[in-house]
Amino acid sequence: MDTKHVDWRSMRDESAPTAEPEARQSGDERDEDGAEPSEASVAERTDLVYDEQHGEWVDPETGEILREDEIDRGPEWRAFDAAERDSKSRVGSPTTNMMHDKGLSTNIGWQNKDAYGNSLSTGQRQKMQRLRTWNERFRTRDSKERNLKQALGEVERMGSALGLPDTVRETASVIYRRALNEDLLPGRSIEGVATAAIYAAARQAGVPRSLDEVRRVSRVDKMELTRTYRYVSRELGLDMKPADPAQYLPRFVSELDVTDDVERRARSLLDNAKRQGIHSGKSPVGLAAAAIYAGALLADEELTQSEVSDVTDISEVTIRNRYRELLEATQKSGERAVGSTA
């Protein structure tokens, strides 16, 4: 039970009427006779224990509840860390790196209605439109803020199209802010750096997207994307490890609607390939696609190379070559195991 020792008198409602001396005297007399203690007599005690969970005042010696139904002056929500407390607090929306001003400025709504839901008159609508125009101008007063607003809009658009969570979009926004602050944008397009940031953030978060997937939702070509990504990653010192083919499996398996047995066999094939080092220098997306197709063969499920190719955007030729390599590596591993036991 969540309890603590506090002074009753410090917790009393100041607006509550105080007991008259006569009532207090009669209350003391009733206490001596064994009746319930009065409000005034309880108020004089300083040794009571306050149960915050139930809003009750308890006698620590007898366990008797002397006062209950206290008003809970705290919030109705619970928070377990500082970030959750900030997100639930009602003193304003939490700051976010996904907005160029971090969400600190005021935004005038587009609805032409007053606080009661009534439509504004023509003159008031014109006035509100002028206020919106000037408000937008003050929110992006210099070129850096305008640049950041356009780029973060691109990050939000691409993150939504790729189905990336908010944490990845937030990380991409931080990467773009760093690139802007370190003056990495001259000679490069805003869209190119924003696309490189979203690609890097997805890889860092363990939910990678292939270059072809990112290129399809971007406004830059693949060559510019790869060139900008390498430059930003090198200049900002991003610790980018090679993508693990197994990270692509859950998404591809879900889109292909195959059983868990196929995914389990595909993971086993990729783990074996990693141990033998045959994954080095090969596309992780291609290995993931081949592992799913090979896993379906081992699980006796009907899955064609064409279906896998459509979902993973990997050619059928690559899938055929890679799945044969995975099966051969598994066969060699089984032969070594048999030889060692012999």
Side-chain angles (χ1 to χ4, degrees), residues 95-105 107 133 135-245 247-248 251 280-286 288 312-315 318:
T95 58
T96 173
N97 285 305
M98 291 189 289
M99 299 180 68
H100 72 282
D101 54 6
K102 296 188 177 182
L104 297 176
S105 63
N107 186 27
T133 301
N135 180 65
E136 192 64 25
R137 290 174 181 173
F138 276 104
R139 289 183 66 192
T140 54
R141 283 175 288 182
D142 54 30
S143 60
K144 185 176 180 180
E145 290 183 353
R146 289 192 293 271
N147 181 310
L148 197 57
K149 181 181 179 181
Q150 179 182 347
L152 297 185
E154 283 292 295
V155 168
E156 180 67 21
R157 181 186 64 79
M158 290 186 291
S160 177
L162 292 169
L164 296 173
D166 289 342
T167 53
V168 176
R169 305 180 203 182
E170 188 100 13
T171 302
S173 302
V174 173
I175 292 174
Y176 189 89
R177 287 177 185 274
R178 289 184 57 193
L180 182 63
N181 292 333
E182 297 190 20
D183 202 24
L184 302 182
L185 267 70
R188 291 167 180 83
S189 66
I190 295 175
E191 292 83 0
V193 179
T195 306
I198 199 79
Y199 177 70
R203 290 187 58 176
Q204 283 186 338
V207 286
R209 297 295 186 267
S210 65
L211 285 172
D212 291 327
E213 289 179 294
V214 177
R215 179 191 55 79
R216 280 198 298 269
V217 301
S218 175
R219 294 191 173 98
V220 297
D221 57 26
K222 188 174 181 179
M223 183 63 69
E224 181 180 354
L225 169 58
T226 54
R227 188 166 54 241
T228 305
Y229 164 72
R230 289 170 183 165
Y231 174 74
V232 171
S233 178
R234 182 178 65 251
E235 294 297 322
L236 296 182
L238 302 179
D239 185 16
M240 303 302 298
K241 298 179 181 178
D244 187 354
Q247 292 177 334
Y248 295 91
R251 183 160 54 91
S280 179
K282 297 180 175 63
S283 168
V285 184
T312 62
D313 201 18
I314 298 296
S315 67
T318 302

Rounded to the nearest 0.5 Å, what separates atom [atom1] in [X] from atom [atom2] in [Y]?
| X | Y | atom1 | atom2 | result |
| --- | --- | --- | --- | --- |
| Leu211 | Thr226 | CG | OG1 | 7.0 Å |
| Leu225 | Ile198 | CG | CD1 | 11.5 Å |
| Asp183 | Glu235 | CG | CD | 11.0 Å |
| Ile190 | Arg219 | CD1 | CZ | 11.5 Å |

Can you name the closest pair of heavy atoms from [X] and [Y] and give their distance?
| X | Y | answer |
| --- | --- | --- |
| Ala243 | Pro284 | O-CB, 3.7 Å |
| Leu236 | Ile175 | CD1-O, 3.8 Å |
| Ser189 | Gly192 | OG-N, 3.0 Å |
| Ala201 | Val168 | CB-O, 3.5 Å |
| Pro245 | Ala288 | O-CB, 3.5 Å |
| Val217 | Ala161 | CG1-CB, 3.7 Å |

So, [X] side chain and [Y] main chain: donor-acceptor pair closer than 3.5 Å or not?
| X | Y | value |
| --- | --- | --- |
| Thr318 | Ile314 | no |
| Ser160 | Glu156 | no |
| Arg203 | Met240 | no |

If we check side-chain contact (heavy atoms from CB on, under 4.5 Å) with Val220, which of these qualifies: Val193, Thr195, Val214?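 Only match with Val220 under side-chain contact (heavy atoms from CB on, under 4.5 Å): Thr195.
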Thinking salt bridges, do Arg157 and Glu154 make one under a 4.0 Å N-O criterion?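 Between Glu154 and Arg157 there is a salt bridge, with a charged N closer than 4.0 Å to a carboxylate O.
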Whether Asp221 and Arg215 form a salt bridge (side-chain N of Lys/Arg under 4.0 Å from carboxylate O of Asp/Glu) is what I want to check.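 No salt bridge links Arg215 with Asp221.
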Return yes if a side-chain donor-acceptor contact under 3.5 Å exists between [X] and [Y], otherwise no.
| X | Y | value |
| --- | --- | --- |
| Arg234 | Tyr229 | no |
| Glu213 | Ser210 | yes |
| Tyr176 | Asn181 | no |

Would a 4.5 Å heavy-atom cut-off, applied to side chains only, mark [X] and [Y] as touching?
| X | Y | value |
| --- | --- | --- |
| Leu238 | Gln204 | yes |
| Arg169 | Met158 | no |
| Glu191 | Gln150 | yes |

Does NZ or CZ of Arg188 come closer than 6.0 Å to the centre of the six-membered ring of Tyr231, within 45° of the ring's axis?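 Cation-pi check for Arg188 and Tyr231: passes.
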Taking CZ in Arg216 as the centre, count heavy atoms belonging to other residues, nucleotides or ligands within less than 6.0 Å. Is the count above 12?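 Yes - once you tally the heavy atoms of other residues, nucleotides and ligands closer than 6.0 Å, there are more than 12.
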